[in-house]
Structures are given as structure tokens and as C-alpha cells.
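Below, read A as the first sequence line, B as the second, and so on, with proteins coming before strands; counting in each chain starts at 1. As the structure is a computational prediction, the values presented were derived from the model and not from experiment.
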There are 2 protein chains.
Amino acid sequence: MPKRVDHAERRTEIAEALVRVAGRRGLHAVGMRDVAAEAGVSLRLVQYYFETKEKLLLYGLEHLAGKFGERLATRVRAAGDGPGPRATVEALLMTALPTDEESRTFHHLYTSYAVLAVTDRTLAAQPFIRNPDAAEGVLAAVLRQAQAADLLRPGVDAHLAAAGLLAMSAGLGTSVLVGQRSPESAAAVLEDQLNRVFRAADAGG
Amino acid sequence: MPKRVDHAERRTEIAEALVRVAGRRGLHAVGMRDVAAEAGVSLRLVQYYFETKEKLLLYGLEHLAGKFGERLATRVRAAGDGPGPRATVEALLMTALPTDEESRTFHHLYTSYAVLAVTDRTLAAQPFIRNPDAAEGVLAAVLRQAQAADLLRPGVDAHLAAAGLLAMSAGLGTSVLVGQRSPESAAAVLEDQLNRVFRAADAGG
DNA sequence: ACGGAGATGATACGGATGTACCATCAAGGG
DNA sequence: CCCTTGATGGTACATCCGTATCATCTCCGT
């Protein structure tokens, strides 16, 4: 047998090249040749590891979602050791905002994929349903927990509030992405919303 | 002179053809030939009235935003004659949800344009900034008015609340668009949020 | 009525794109 | 040792897209 190569690793490298170049020039403008150049391999190689462009895009989306999920989980875990549920929720929502370049790219590409998914049923079957639903479940659980600790304002429905927060965060993210709103302003809107869901702080640091 | 044609009208027809076909197959998949076929004219004609594709897209965006603005204004005006500020706000936000085919198309294409605007500065200079800011202003004004009439919960910042509502509505719209959430569920989330902003109803019908 | 300008049609062109095909290289097992 | 098989490279091919070019038709002013 010849030189043995770790396919999974190679696919990851290429997928990350896709993400980089798509983040720079837009997903609509990226071709296999661009991905190959960005990854420093030949066009043939991209074909070799992903037979078709559709499969490349699919894998790229998966990879992107995975990376972001990790990032989010890390931040939430870090905040989880902290003051309380509100901090956790804040960490979750603020991380979802496109502040640095990495999260900007995520928002940009995720929105691009979402737009494609509207007309492409192969893409529509992908994690657009699963991931945000999972996030909503997690957030709702945290809110219910906070509710049990009497940290929420009366009459709050955890599930509805969670959905609302996530939707607001996503909407704000888009605004920030297109330059319509500053990250700080978006954070302020989110903060204001959290004040509508959580009781007024008393023992907070 | 030969047959004189109303250029503005013709441009509108072609722009609407663009919107239709892009709504069906996605903006990324639409070419000048598709627009021409949809409008029932020759490719040359599309070139004649819009010299370049970029100009066609620009005009299409303008037209789309204009149409939707009208639709929104109509619904809001209709609600304005009704019970009160909350009904107005509800009309505004519910209209922004992609319920029927027209608003679905609007959301789909507007998001597509937004994605393009991230990397295309010519597109970014377009009404992405102006329109939503205007909507935010209008909504904030209505909320301030409601606040003056003591219809809001205490401590509500009209401007922040307006921004939040709009962002939430946009986020929910995207969810509905990609099939992640039903229009009814989105409406419920919005309703819940309005209950957090407005006082509990008392004199409502 | 006729000339000219505006409106429209047909089609060519250069470039880019996704994919397919053919060749080559490298390593490990018989 | 060499032959198989996986990993590459190079490149051709068909297609599509936006744009440009050339030609034609139509109708109004004079």
C-alpha cells in the first residue's frame, strides 16, 4: 500500500479552508478551486476527499456548526461556574453575537446556508432544525431552573422566553453583521431583555 | 420617434419577475436569462432596461423593500384605527412574519440580499441601514406614545424595547422561513413578548 | 413619405465552474 | 524485487453566465 493519509483530518483541513475563504468572499462566490488554493492543495484533492461540491458544503456546514457549538459550550461552562443562571444565559446569548471575526464568520456563513436551505431540501434536512432546537431546550432548562430558584419575574413562561431570547439574539446578530447596529448596542438590547425576564438583581456581584 | 415605452413601468415588471423567480429558486440561482423568461421578454430587453446584473439586483431590492413597506404601512394604518397602540404594534410585527407566500418571499430575498451585502459594499450601501432604522423609529414612537398613556409596564425603555421586538421578529421570521418553527408558534412567542412590554390588558376587546 | 431614433431580437464571446479522465508517484506485502 | 493500490497532479470538457455586437423593426416628426 502507498502513503496512508488520515482522511478525516484532511477533510477537516479542507472544510476549514472553505470556511475561511467563504467568510472572506461570501459563500456564493466560492468555488472548488478557491477552496483548493486556500487549503494549499490541488483541485483534484478537493474532489478526492469530497466527491462533489454539495458534499463539501454539507460537511462544511456540519463542521461550522460543530466548532461553534464547542465554543458556545466552553463559554457557557465557564460562566456556569460563576454567579448564577443569569450569567449563564448572558454568556450563551452574548457568545451568539457576532463580535469577533470568528463569530462574524459563523453568522455570515450560517445565514448563507440558511438561505440556501430555503430552496435546497438536501441542505434543509441538515442541522438547521436540530441545533437551534437543542439550544432552545438548553436555554429553557436553565430558565426553568432559575424559575425554581425564584430568580425570574412572575408569569414568565420559560419555553416561550427561551425561544424569544434566541430569536432576538439571532436577529440582533444579523443586524450587527450587516453593520446596521454595533455589537455594544446589540448587547444593550439583550441586557434590557434579560431585565424583563429576570428579577431585579440583589445579590449579584 | 418610434414606439415610446414607459421605462419605469417596464423596469418594475422586470424587477417583479426577478422577485418571483428568485423567490422560487433562490436568488443565488437566478440569472438574467431566467428573469427574462419569467418576464416574458428577451434577454436583450433585460439588458436594455438594466444595463448590468448588479443594477438589476439593486433595483430589485429597492422594489422589494418598497412593496413590503407599503404592505406594512397599510396593515399598520388599518390597525391604527382600531383598539390602541398594542394592536398597532401587533400588526407591525405580525406582518413582518413570513406567513403567506408574499411575506415568505420577502423574508427569503431580503435575507439573501443581506448576506450578499456582507461582502458587497455596493449592496451594503443600500436600504439595509435606512429602512430598519426607520421601522425602529416608528415602533419606538408608538411605544413612547403608549408609555405616555400609561399602557406599558414600568421601567420599559421604548427605544430598547423597539429594537428588541424588531430583532425578535426578524429572528422568528428566519426560523419560520427555514421550517424550524411554525408561524403560529412564532406568533405565540411574539405575543408573549408583548405581554412583557405592555401592561396586562383590562379594557381590551 | 421618409429618415431617424428608440425598442427589440438573435447570437457571439470570453471567462468561470463543476466534474471526469488519464497519468504518475509512493509505499508495503507477496 | 515488483506489483498492487491508495494518493496525487494535470488537464480536458461541457455548460452556463454576464456582456457585447450586429441587425431589424416600428413609429413619430417634418
* Quick one: salt bridge (Lys or Arg N to Asp or Glu O under 4.0 Å) partners of E38(B), sequence neighbours excluded? ->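 Here the qualifying residues are R20(B), R24(B).
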Can you name the residues that form a salt bridge (Lys or Arg N to Asp or Glu O under 4.0 Å) with R11(B), not counting sequence neighbours?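 Salt bridge (Lys or Arg N to Asp or Glu O under 4.0 Å) list for R11(B), sorted by chain: empty.
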Discussion item. With a 4.0 Å cutoff (strictly under), does any side-chain N or O of Y49(B) reach OP1 or OP2 of dA7(C)?
Written reply: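 Checking Y49(B) against dA7(C): no side-chain N or O falls below 4.0 Å of OP1 or OP2.
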| Is the shortest side-chain N/O distance from Y48(A) to OP1 or OP2 of dA7(D) below 4.0 Å? |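 Result: yes.
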message = List the residues meeting ring-ring contact (aromatic ring centres under 6.0 Å, His included) with F106(B), not counting sequence neighbours, and say none if there are none.
response =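 So F106(B) forms a ring-ring contact (aromatic ring centres under 6.0 Å, His included) with F68(B), Y110(B).
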Open item on the list: I'd like to check the ring-ring contact (aromatic ring centres under 6.0 Å, His included) partners of F198(A); sequence neighbours left out, ordered by chain and number.
Closed with: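 So F198(A) forms no ring-ring contact (aromatic ring centres under 6.0 Å, His included) with any residue.
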Exercise. Evaluate the criterion side chain to side chain contact (heavy atoms under 4.5 Å, CB included) for residue pair M168(A) and L93(A); output intermediate values, then yes/no.
Key: CA-CA 9 Å; M168(A) 186 182 289; L93(A) 298 177; over 6 Å; no
Contact list please: residues 6-19 of chain A against DNA chain D, heavy atoms, distance less than 4.0 Å, in numerical order.
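By residue number: H7(A), R10(A).
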All side chain to side chain donor-acceptor pair (under 3.5 Å) counterparts of [X], not counting sequence neighbours:
X       : result
S42(A)  : none
Q147(A) : none
R196(A) : D192(A), Q193(A)
R104(A) : none

Scoring nucleotides 12-18 of chain C by protein non-hydrogen atoms under 4.0 Å (B base, S sugar-phosphate only, - none) yields B----BB
Need one value for F50(A): base, sugar-phosphate or nothing, where a base atom within 4.0 Å counts as base even if backbone is also close, heavy atoms only.
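Touches nothing.
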Practice task
Could you point out which residue of V76(B), L139(B), V197(B) forms a side chain to side chain contact (heavy atoms under 4.5 Å, CB included) with V89(B)?
Solution key: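 The residue from V76(B), L139(B), V197(B) that satisfies side chain to side chain contact (heavy atoms under 4.5 Å, CB included) with V89(B) turns out to be L139(B).
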- Quickly work out the E51(B) CD to dG18(D) C1' distance and round it to whole Å.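 Roughly 14 Å, once rounded to whole Å.
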* Separation of L45(B) atom CG from dG18(D) atom P, in whole Å? ->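 Result: 16 Å.
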| message | Show every salt bridge (Lys or Arg N to Asp or Glu O under 4.0 Å) that has at least one partner inside residues 55-65 of chain B, sequence neighbours left out. | response |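 Sorted pair list: E51(B)-K55(B).
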Nucleotide N/O of nucleotides 21-24 of chain D paired with protein N/O under 3.5 Å:
from: dT21(D); atom 1: O4; to: R44(B); atom 2: NE; distance (Å): 3.2

